[in-house]
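As the structure is a prediction and not an experimental result, all values here were calculated from the model.
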2 protein chains.
Amino acid sequence: MAAYPAFAVTVDVVALTIRDEVLHVLLVRRGGEPFAGRWALPGGFTRVEEDLEDAAHRELAEECRVTRDDLRLEQLRTYGAPGRDPRPERVVSVAWLALGAHLPEPTAGTDAAEARWWPVEEALAMPLAFDHHQILTDGLERARAKLEYTTLATSFCPREFTLRDLRHVYETVWGSTLDRSNFQRKVLGTEGFVEDTGRYAEGRRGRPARLYRAAAGEGTVLHPPLLRG
Amino acid sequence: MAAYPAFAVTVDVVALTIRDEVLHVLLVRRGGEPFAGRWALPGGFTRVEEDLEDAAHRELAEECRVTRDDLRLEQLRTYGAPGRDPRPERVVSVAWLALGAHLPEPTAGTDAAEARWWPVEEALAMPLAFDHHQILTDGLERARAKLEYTTLATSFCPREFTLRDLRHVYETVWGSTLDRSNFQRKVLGTEGFVEDTGRYAEGRRGRPARLYRAAAGEGTVLHPPLLRG
DNA sequence: AAAATAGTGTCTCTGAGACATTATTGA
DNA sequence: TCAATAATGTCTCAGAGACACTATTTT
């Protein structure tokens, strides 16, 4: 068959989690060129016989020991402008969005000198490697938008959570506040959003809150959606 | 620098248009192996110094003479499962969604034995090359979903159109009917959707309908959205 | 008891859905 | 005049937003 141009295919992951009521993104400091010393999204070359989603999981696992069940991964977009990577070969990157509840502290991996969770506001304010500022911006917008019309917010919560926890996810990701009782009415009135566990949260002040879990068959669509203030 | 696995990167385009009140997709019959003789989405290898979006435009132009202004192109998703292309090299495809108003009849291009517009129902019922059935399904779902919460529907309309034309876009893509007056109220009441041209449609029976054009700065978000029946 | 938090109820207003009425054209 | 189509108005109901009230716990 005819010759075809050879490309390098990488994956980059926008991993988001909530820590101390603040939205954080996982960044690694690059050990090698190009952009040595700069902070970047975790990622790397896809292997020849590896599925793209597997590559994203692998790169994430190399920085931060998380099992596949601890997070939700969805494809974000592919970035392939010529020159987006200064190296001579053409590099196309398939970006992924990963969401999880209080993901563990990262462990410096193979390629990275250092890795840590950054508050997204700080991450956006510093110079990132490649076009990762754009990828991060796109990932944040995707996450914010999907909270509106899907039950994605439960991905940021542990297996059992209170409605207060879930509301804090919205408030943290959107940066706005929501009326407590209207939120409650909306969530409980939506089929396929949460299920009552029958148990109650302990160790907090005030009346104990009911514990819920994400309804089975996640990924439900909200009709009508839950709109941002 | 370290060696990296070499991939082939292709683009595939789900081009949708409305002809005779039916949603159509552009397919080409493959001239060469693999899948010779099968119908497939238009697409091909990205050139080494070519932007991905430019490659999608080029492949589309090779089948169907359309200028960039005649259609709206947006990235759909990237398909990269090992084995999705039977050839020995690993092929990753960046899929695009192209929408336009009554796009012209295709001209058989370089790679294709034949090219034509197919009603989407028929296209879904026949065996397509590669994973193009999946890509087409994803493209249709994306188009249907985006009609709900954006002003994307105007992409299916010519430069000037009546509200009847616009409503037919929704009805054709969604396969449902919408109340005429409620639709009118919603569209006209949404800032940034359509602009009155001050002129009227001619050559139809009954009272002439006002002509509108898509509002400048397209891509507006509908808040709240226009929901499917 | 007081503070804190959870859970529930109520009022209002916007907007969607159903459908009726009026307006303007061609046959 | 009639048929066809466009444009506009009205009624009702669901749901969002604002906010009040009750319930249950810790300090």
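- In terms of the side chain to side chain donor-acceptor pair (under 3.5 Å) criterion, A/Y212 has no residue partners (sequence neighbours excluded).
- For the pairing with A/F183, the side-chain contact (heavy atoms from CB on, under 4.5 Å) check across A/L226, A/L188, A/T177 returns one residue only, A/L226.
- Each of A/L226 and B/R210 has a nearest nucleotide on DNA chain D; the 5'-most of these lies closest to B/R210.
- No side-chain donor from either of B/D12 and B/Y79 sits under 3.5 Å from a side-chain acceptor of the other.
- Here the C1' atom of nucleotide D/dA16 and the CD atom of A/E148 are 14 Å apart, to the nearest Å.
- Within 4.0 Å (heavy atoms only), A/R180 reaches at least one base atom of the nucleic acid.
- The CD atom of B/Q184 sits 7 Å away from the C1' atom of D/dA6 (whole-angstrom rounding).
- Between the P atom of C/dA4 and the CD atom of A/E202 lies a distance of 22 Å, rounded to the nearest Å.
- Between B/R205 atom CZ and C/dA23 atom P the separation is 22 Å, expressed in whole Å.
- Between the side chain of A/N182 and the base of D/dA18, a donor-acceptor pair under 3.5 Å is found.
- Going from atom CG of B/L222 over to atom P of C/dG15 covers 13 Å, rounded to whole Å.
- Here C/dA23 presents its C1' atom at 11 Å from OH of B/Y200, a figure rounded to the nearest Å.
- Taking each heavy atom of B/A15 and B/L60 in turn, the nearest pair found is CB-CD1, 3.9 Å.
- With respect to B/V14, the side-chain contact (heavy atoms from CB on, under 4.5 Å) criterion is satisfied by exactly one of B/T137, B/L76, B/L140: B/L76.
- In terms of heavy-atom proximity, B/D196 sits nearest to B/G198 at OD1-N, 2.7 Å.
- Taking atom CG of residue A/D179 and atom C1' of nucleotide D/dA20, one finds them 11 Å apart after rounding to whole Å.
- Contact check of residues 160-171 of chain B against DNA chain C (heavy atom, cut-off under 4.0 Å) returns no residues at all.
- Put simply, the side chain of A/S181 and the base of C/dG9 share a donor and an acceptor less than 3.5 Å apart.
- Atom P of nucleotide D/dA16 and atom NE2 of B/H223 are separated by 14 Å, given to the nearest angstrom.
- Set against C/dT5, C/dT8, D/dA7, the side chain of A/R207 has C/dT5 as its closest nucleotide.
- A residue-by-residue look at A/L211 and B/P208 shows that A/L211 has its nearest nucleotide of DNA chain C further toward the 5' end.
- B/E63 contributes atom CD, which lies 10.5 Å from atom CG of B/L27 (distance to the nearest 0.5 angstrom).
- An OP1 or OP2 oxygen of C/dA16 is reached within less than 4.0 angstrom by a side-chain nitrogen or oxygen of B/K186.
- Heavy atoms of A/R185 sit under 4.0 angstrom from at least one base atom.
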